[in-house]
Engineer: 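My questions all concern the structure below.
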Amino acid sequence: MAELLKGGTCLLLIFLQKRGNHRLKYISLAVLVVQNASLILSIRYVRTLPGERFFATTAVVMAELLRGATCLLLIFLQKRGNMKQFALFLYDAVVLQYVDTLKLAVPSLIYTLQNNLQYVAISNLPAATFQVTYQLKILTTAIFSVLMLRKSLSRLQWLSLLLLFSGVAIVQVEQGQAGGQSSPGTARQSYVVGLVAVVVSCLSSGFAGVYFEKILKGSSASVWLRNVQLGIFGTLLGLLGMWWAEGAAVAAQGFFHGYSPVVWGVILNQAFGGLLVAVVVKYADNILKGFATSLSIVASTVASMHLFGFRLHPPFVLGAGLVIGAVYMYSLPKAGPPLGPRKEPTTPLPLGKQRSEPGYPPKSVLVE
């Protein structure tokens with residue numbers, strides 16, 4: 001009887017754990033979709049409002065400052081509020097290990113450029129068009145991964161990249177013939193400027209992501225420390241970019257010119273959204289992330305129709321459909337090598353342990 005109760009308790013715990021994991025996956029999916037769609041839609045909204053615009057370069061700087069300050073606070077809490085340990089840790093990780101810190105200057109420069117270009121692109125492109133076109137970052141990341149990291153792609157992934165490029169090309173041809181779609185009453189927009197900005201942003205995103213992976217391979221530093229190091233360079237480079245692009249205007253009208261509660265909401269979303277995704281993404285596998293990207297494209301398109309008067313045409317639907325399918329296909333796991341007949345092991349496993357599926361590592365290895 002005792003053994004039956006023990007076995008029943010274990011089964012109940014396993015059931016509750018699996019149920020909890022499923023709930024976390026659905027929560028992760030919702031967070032990824034909302035963050036992806038809301039950031040683009042909110043930037044488009046504040047950049048197309050009538051009246052004087054805020055300076056995008058100051059928003060990039062504020063996002064870097066808030067993200068860096070948040071990560072510093074998290075590291076401080078990890079040190080249990082011990083100021084001496086906190087200061088010594090930062091001095092050792094940032095100053096003494098300056099070579100490791102300097103490695104992040106290049107990706108930080110590219111990320112700062114990318115953040116500024118996103119404002120330019122979304123200011124000149126409909127949110128749905130930007131969301132579809134921005135998926136080219138998957139193509140650029142894949143190409144840089146093959147060239148720099150010698151990674152191999154499956155035939156299905158190469159096919160998905162071809163479909164991705166075709167879908168984006170169809171959308172661009174359709175939008176180019178329509179001359180882009182602007183919301184009524186908004187400032188003058190340039191479709192060509194927006195397209196160039198999003199393409200350069202995709203190239204920079206792909207290169208920065210692969211370079212970041214290459215230089216930090218095998219590093220044991222936490223994601224919070226890396227964000228602090230990135231934030232140091234990002235803030236300095238953001239200030240330099242602000243001075244170069246809008247220095248005179250910022251000096252004359254003020255750093256916070258044009259800021260409103262909605263603008264602060266965009267900055268907070270940009271600052272904390274990435275950190276939130278970094279926390280949540282460990283509960284989401286590649287398929288779930290691909291599905292979230294696809295849903296965010298649909299959400300952005302539907303919201304654009306209601307908020308900005310975006311009109312759907314058959315070529316856009318076809319192109320967006322190809323992109324959504326390509327994103328999902330690319331996220332599918334590679335097929336393993338042919339396996340022989342599966343032989344069930346004869347030795348019993350300890351209670352609570354699971355056997356791995358054939359051709360796959362243990363589940364604990366697959367968790368990011």
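Values below: every heavy atom of this structure, side chains too, minus hydrogens, waters and symmetry copies. Numbering of residues begins at 1 and proceeds along the displayed sequence.
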Engineer: Quick check against the 3.5 Å criterion: does Asn124 have a side-chain atom that pairs as donor or acceptor with the backbone of Ser190?
Structural biologist: yes

Engineer: Indicate yes or no: at least one non-hydrogen side-chain atom of Asn227 is less than 4.5 angstrom from one of Thr70.
Structural biologist: no

Engineer: Can Arg80 be said to sit on top of Phe86's aromatic six-ring, NZ or CZ under 6.0 Å from centre and within 45° of the ring axis?
Structural biologist: no

Engineer: Does Ser145 reach the main-chain N or O of Thr141 with its side chain, forming a donor-acceptor pair under 3.5 Å?
Structural biologist: yes

Engineer: Do Phe310 and Phe316 have ring centres separated by under 6.0 Å?
Structural biologist: yes

Engineer: If you measure from CD on Gln270 to CG on Leu39, what distance do you get to the nearest 0.5 Å?
Structural biologist: 5.5 Å

Engineer: Closest approach of Phe233 and Ser108, non-hydrogen atoms and distance?
Structural biologist: CB-OG, 3.2 Å

Engineer: Quick one: CZ on Phe144 to CG on Leu139, what's the gap to the nearest 0.5 Å?
Structural biologist: 10.0 Å

Engineer: Considering the options Leu65, Ile267, Asn115, which one meets the side-chain contact (heavy atoms from CB on, under 4.5 Å) requirement together with Val60?
Structural biologist: Asn115

Engineer: Measuring only between side-chain heavy atoms, which start at C-beta, is Phe130 closer than 4.5 Å to Arg44?
Structural biologist: no

Engineer: Using side-chain heavy atoms (C-beta onward) and a distance below 4.5 Å, is Arg53 in contact with Ser123?
Structural biologist: yes

Engineer: What is the minimum heavy-atom distance between Ser204 and Gln114, and which atoms define it?
Structural biologist: OG-CB, 3.7 Å

Engineer: Judged by atom type as modelled, is there a donor-acceptor pair below 3.5 Å linking the side chain of Ser160 to the main-chain atoms of Met329?
Structural biologist: no

Engineer: If you look at every heavy atom in Ala320 and Val132, which pair is closest and at what distance?
Structural biologist: CB-CG2, 4.1 Å

Engineer: So, Arg47 side chain and Phe54 main chain: donor-acceptor pair closer than 3.5 Å or not?
Structural biologist: yes

Engineer: Can Asn82 and Phe76 be said to form a side chain to side chain contact (heavy atoms under 4.5 Å, CB included), step by step?
Structural biologist: CA-CA 7 Å; Asn82 190 316; Phe76 180 71; over 6 Å; no

Engineer: Roughly how far, to the nearest 0.5 Å, is the NZ atom of Lys103 from the OH atom of Tyr211?
Structural biologist: 8.5 Å

Engineer: Taking the side chain as every heavy atom from C-beta outward, state whether Thr140 and Phe207 have any atom pair closer than 4.5 Å.
Structural biologist: no

Engineer: Do you see a donor-acceptor pair shorter than 3.5 Å between the side chains of Thr57 and Glu246?
Structural biologist: yes

Engineer: Is there a side chain to side chain donor-acceptor pair (under 3.5 Å) between Glu64 and Thr235 once you walk through the steps?
Structural biologist: CA-CA 6 Å; Glu64 290 291 342; Thr235 302; 5.1 Å; no

Engineer: Where do Gln131 and Ala37 come nearest, in terms of heavy atoms and distance?
Structural biologist: NE2-CA, 4.3 Å

Engineer: Measuring only between side-chain heavy atoms, which start at C-beta, is Leu203 closer than 4.5 Å to Lys137?
Structural biologist: no

Engineer: Decide if atom CZ of Phe256 counts as having more than 12 heavy atoms of other residues, nucleotides or ligands within a radius under 6.0 Å.
Structural biologist: yes

Engineer: Compare all side-chain heavy atoms of Leu164 with those of Tyr330 and state whether any distance is below 4.5 angstrom.
Structural biologist: no

Engineer: Would you say the side-chain atoms of Asp92 pair up with the backbone N or O of Leu88, donor to acceptor, closer than 3.5 Å?
Structural biologist: no

Engineer: To the nearest 0.5 Å, what is the distance between CG (Leu322) and CG (Leu162)?
Structural biologist: 9.5 Å

Engineer: Mind listing the closest non-hydrogen atom pair of Ala93 and Leu225 along with its distance?
Structural biologist: CB-CD2, 3.7 Å

Engineer: Decide if atom CZ of Phe255 counts as having more than 12 heavy atoms of other residues, nucleotides or ligands within a radius under 6.0 Å.
Structural biologist: yes

Engineer: Hey, do the aromatic rings of His257 and Phe55 have their centres closer than 6.0 Å?
Structural biologist: yes

Engineer: Indicate yes or no for a side-chain donor-acceptor contact from Ser201 to the backbone of Val198 under 3.5 Å, with no hydrogens or angles considered.
Structural biologist: no

Engineer: Between Tyr119 and Asn116, is any pair of side-chain heavy atoms under 4.5 Å apart?
Structural biologist: no

Engineer: Within the distance-only criterion (no hydrogens, no angle test), does the side chain of Arg311 pair as donor or acceptor with the backbone N or O of Met305 below 3.5 angstrom?
Structural biologist: no

Engineer: Checking side-chain polar atoms at under 3.5 Å, does Gln172 have a donor or acceptor matched by the opposite partner on Tyr191?
Structural biologist: yes

Engineer: Could you report the tightest heavy-atom contact between Leu41 and Ala303, atom names first, then the distance?
Structural biologist: CD1-CB, 3.5 Å

Engineer: I'd like to know if the side chain of Thr48 and the backbone of Tyr45 have a donor-acceptor N/O pair within less than 3.5 Å.
Structural biologist: yes

Engineer: With a 4.5 Å limit on heavy-atom distance, are the side chains of Gln253 and Glu52 in contact?
Structural biologist: yes

Engineer: Treat each ILVMFWY residue as a node, draw an edge where side-chain heavy atoms are under 4.5 Å apart, and state whether Trp264 and Val266 are in one component.
Structural biologist: yes

